[in-house]
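These numbers come from a predicted model, not from an experiment.
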Amino acid sequence: MVTEKISDTYHIIRFDNGDVIHLVGTAHVSNNSVEEVRSIIEEQHPDRVCIELDDGRMKSKTEEKSWENMDIKKIFKEGKGFLLLANTALASFQKRMGAQTGTDPGAEILGAAKLAGEMGIPVSLCDREIQTTFRRAWGKSSLWNKCKLLATLVSAAFSKEEISEEELAELKNEETLESMLKEVAKELPSVKEVLIDERDRYLATSIFKAEGKSKVAVIGAGHTQGIIRTLEKLEKGELTLDTSDITAIPPKGIGGKVAQWIIPALIVLILVVGVINNGWDQGLKAFLCWMAVNASSTFIFTILGGASFLTCLLSGITAPFFVLNPVLGVGLFAGIWQASFKPPKVKDFENMSQDALTLKGWYKNRILKCLVALLTSSIGSVLGSLVAFPFIIARI
């Protein structure tokens, strides 16, 4: 395999069997990327165009009224609330960046697909399903890294920092990208592995398998070098075309299963010690103290999240019982109750991506308020339990 570097964003890869891949690395909110992709496809007129999208995201970007298919309660019941929160925050960040540069997020990807259709060129969707990617990133992250990931996404969504086309061009520079990826690997190693390394392999394998002697592949610039390295391994036979190991959802580890029972076990232990040392009266008072602090904290945080009064009240009342039974989740029911008491309207679905750009929008949009209720009630319950422990230990 021979790789010819035309620029930081454009590489021509020639294989020993005569196949050619024109690899175009883009910034998803760059107008220059849109023009570059169009120019290369028109000039090369390849047998196939490969793009960094999966079937689900393609449908959500091209089908009108895709909100009609969203059932917010079902999302919470399936345990995908935090995934939707992370996805919404990321989409909000990209949309805000696109607004600054005058380019819709992913315009070069959609433009490549549209142009290919106009020219009669087949299109391959080469990315892994977004839900699989998020669930693997979530499942492989520690609790601390999950908190850092959510905090990073939410802070990026509300950041007022502006970026120009010139700065975007610098972000496509190979040295800059390499430095940024090293920082991500240091701060969030499991996230970098799933979002970058695994997708490099999945994208490269999909592009390699796609039919056609000449292909144009349009991908995010951050994947360029990883895809090139993977393509070389695939041609040499050092890697197989089987990607089943990076498309499966990782089972919850024994550490995660044990961790979710730590707080219930501590509460029971404290109750038992209280009864042994001070009798049933003091043991029960210590337990009720913990319940009161946990319920109050959950209630207050859910109010701060802008949920309806009934959602806040029910979340506060039930939080201690949900903590004692980790199979049930405080945030899960808070989100469902918020969606039940304040059902989302058509305009909430239609305006969701725009409302997610501002803090006010998160409090105004009924779908986003469900996600905020999920997050704030969970934080309130966890903090309530931690704050209550010193008080009840002092009592026994």
Are F321 and M291 side-chain neighbours, meaning at least one heavy-atom pair lies under 4.5 Å?
yes

A side-chain contact here means heavy atoms from C-beta on lying under 4.5 Å apart; do P46 and I121 qualify?
yes

The reported gap from OG1 in T230 to CD in Q225 (rounded to nearest 0.5 angstrom) is 11.0 Å

Could you walk me through whether V218 and E52 pass the side-chain contact (heavy atoms from CB on, under 4.5 Å) check?
CA-CA 6 Å; V218 184; E52 185 194 327; over 6 Å; no

Atom CG of L53 and atom SG of C126: how far apart are they, to the nearest 0.5 Å?
10.0 Å

Which pair of non-hydrogen atoms, one from I21 and one from F15, has the smallest distance, and what is that distance?
CD1-CE1, 3.5 Å

Between Y10 and E36, is any pair of side-chain heavy atoms under 4.5 Å apart?
yes

Go through it in stages, so that I can follow the logic: the residues are R128 and R201, the test is side-chain contact (heavy atoms from CB on, under 4.5 Å), and I'd like the CA-CA distance, side-chain angles, deciding distance and then a yes or no.
CA-CA 10 Å; R128 182 173 60 186; R201 179 184 157 198; over 6 Å; no

Treating Ile, Leu, Val, Met, Phe, Trp and Tyr as nodes and any side-chain heavy-atom pair under 4.5 angstrom as an edge, say whether I317 and V330 lie in one connected cluster.
no

Under 3.5 Å, is there a donor-acceptor pair linking the side chains of S244 and D242?
yes

From H223 NE2 over to L23 CG, what is the distance, rounded to the nearest 0.5 angstrom?
11.0 Å

Check whether F208 and Y202 end up in the same hydrophobic cluster, where Ile, Leu, Val, Met, Phe, Trp and Tyr are linked by side-chain heavy atoms less than 4.5 Å apart.
no

Looking at every heavy atom in both I207 and C50, which two are closest together, and how far apart are they?
CG1-CB, 4.0 Å

Heavy-atom closest pair (Q338 atom, T311 atom, distance to 0.1 Å) is OE1-OG1, 3.2 Å

Shortest non-hydrogen contact between D200 and G226, atoms and distance:
OD2-CA, 3.4 Å

Side-chain (R199) to main-chain (L195) donor-acceptor, under 3.5 angstrom:
yes

Would you say L332 and L310 are hydrophobically clustered, going by side-chain heavy atoms of ILVMFWY under 4.5 Å?
yes

Side-chain donor/acceptor of K213 to backbone N/O of N17, under 3.5 Å
yes

Heavy-atom side-chain proximity of I300 to I303 below 4.5 angstrom:
no

Are L313 and I379 co-members of a hydrophobic cluster defined by side-chain heavy atoms under 4.5 Å apart?
no

R135 (side chain) donor-acceptor with I249 (main chain) under 3.5 angstrom
no

Whether K215 side chain and A210 backbone form a donor-acceptor pair below 3.5 Å:
yes

Can you say whether the rings of F322 and F333 are parallel (under 30°), tilted (30 to 60°) or perpendicular (over 60°)?
parallel

If the threshold is 4.0 Å, N to carboxylate O, is there a salt bridge linking K192 and D197?
yes

Any side-chain to backbone donor/acceptor pair from S39 onto E35? Under 3.5 Å, distance only.
no

Let me check something: do F341 and L374 share a hydrophobic cluster, defined by ILVMFWY side-chain heavy atoms less than 4.5 Å apart, either directly or through other members?
yes

Validation row: K345, R366 side chains within 4.5 angstrom (heavy atoms):
yes

Once rounded to the nearest 0.5 Å, what's the spacing between atom CZ of F299 and atom CG of N294?
14.0 Å

Do L383 and F301 make a side-chain contact, defined as non-hydrogen atoms from C-beta onward lying under 4.5 Å apart?
yes

Before giving the answer on side-chain contact (heavy atoms from CB on, under 4.5 Å), spell out for H11 and I6 the whole-Å C-alpha distance, their side-chain angles and the decisive distance to 0.1 Å.
CA-CA 6 Å; H11 295 74; I6 307 301; over 6 Å; no

Answer yes or no: is there a side-chain heavy-atom contact under 4.5 Å between I13 and I228?
yes

On a heavy-atom basis, which atom in E42 and which in M119 lie closest, and how many Å separate them?
CA-CE, 4.2 Å

Measuring from T133:OG1 to I196:CD1, what's the distance to the nearest 0.5 Å?
10.5 Å

Donor-acceptor pair, distance only, cut-off 3.5 Å: does the side chain of R38 make one with the backbone of A112?
no

Is a side-chain donor or acceptor of R48 paired with a backbone partner of E211 at a separation under 3.5 angstrom?
yes

Which residue is it: D127, V216, V123? I am looking for the one with a side-chain contact (heavy atoms from CB on, under 4.5 Å) to I51.
V123

Are R14 and M1 close enough that some pair of their side-chain heavy atoms sits under 4.5 Å apart?
no

Taking all heavy atoms of T298 and all of S315, pick out the closest pair and write down the distance.
CG2-O, 3.6 Å

Using the side-chain contact (heavy atoms from CB on, under 4.5 Å) definition, which of the options L231, L239, L234 pairs with T205?
L234

Check: S377 main-chain N/O paired with S381 side-chain donor or acceptor under 3.5 Å:
no

Decide side-chain contact (heavy atoms from CB on, under 4.5 Å) for T376 and L304; before the verdict, give the C-alpha distance in whole Å, the side-chain angles of both, and the deciding distance to 0.1 Å.
CA-CA 8 Å; T376 54; L304 293 176; 5.6 Å; no

I246 backbone acceptor or donor facing T243 side chain under 3.5 Å:
no

Using 0.5 Å steps for rounding, measure from the CD1 atom of I109 to the NZ atom of K114.
15.5 Å

Has the side chain of T224 got a donor or acceptor atom that lies under 3.5 Å from a matching backbone atom of A221?
yes

